[in-house]
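To keep things clear, I will list the structure first and then write my remarks on it.
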Amino acid sequence: ASHVAVFIVRDIVGLKAFDAGSKTAVFTPPAGVKLDFCALDLPVGEGLLKIGWKTVNGRRVKFAEFNGAPVKIAAR
């Protein structure tokens with residue numbers, strides 16, 4: 001079951017890394033996934049990371065927050 005969770009987080013949502021201290025997510029939604037919307041609530045330490053993307057006018061728009069505060073999104 002843990003392999004499935006890693007696959008979903010890494011290959012469908014696109015989350016590569018998250019630093020709770022700097023509130024920065026390394027996050028690149030995959031190009032080949034045929035979804036219009038994808039979101040994940042992920043417990044991280046004592047907090048909750050809400051991260052995802054949606055397709056708007058043919059472009060992927062990313063969103064992320066940690067404990068209700070915005071998260072910097074970096075691509076790698």
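- Annotation for Ser22 and Lys72: closest pair O-CE, 3.5 Å, computed over non-hydrogen atoms.
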Residue pair Leu42, Phe18: steps toward the side-chain contact (heavy atoms from CB on, under 4.5 Å) verdict: CA-CA 11 Å; Leu42 185 66; Phe18 175 67; over 6 Å; no
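- A side-chain donor-acceptor contact under 3.5 Å links Lys62 to the backbone of Phe27.
- Pairing each heavy atom of Leu49 with each of Val44, the nearest pair is CB-CG2, 4.0 Å.
- With side-chain heavy atoms closer than 4.5 Å counting as contact, directly or through intermediates, the hydrophobic cluster containing Phe63 also holds Phe37.
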Donor-acceptor pairs are to be reported for all side-chain atoms of residues 50-60 against protein atoms at under 3.5 Å, with residues two or more places apart or in another chain.
unit_1: Trp53; atom_1: NE1; unit_2: Ile12; atom_2: O; d: 3.4
unit_1: Trp53; atom_1: NE1; unit_2: Val13; atom_2: O; d: 3.3
unit_1: Arg60; atom_1: NH1; unit_2: Pro30; atom_2: O; d: 2.5
unit_1: Arg60; atom_1: NH2; unit_2: Val33; atom_2: O; d: 2.8

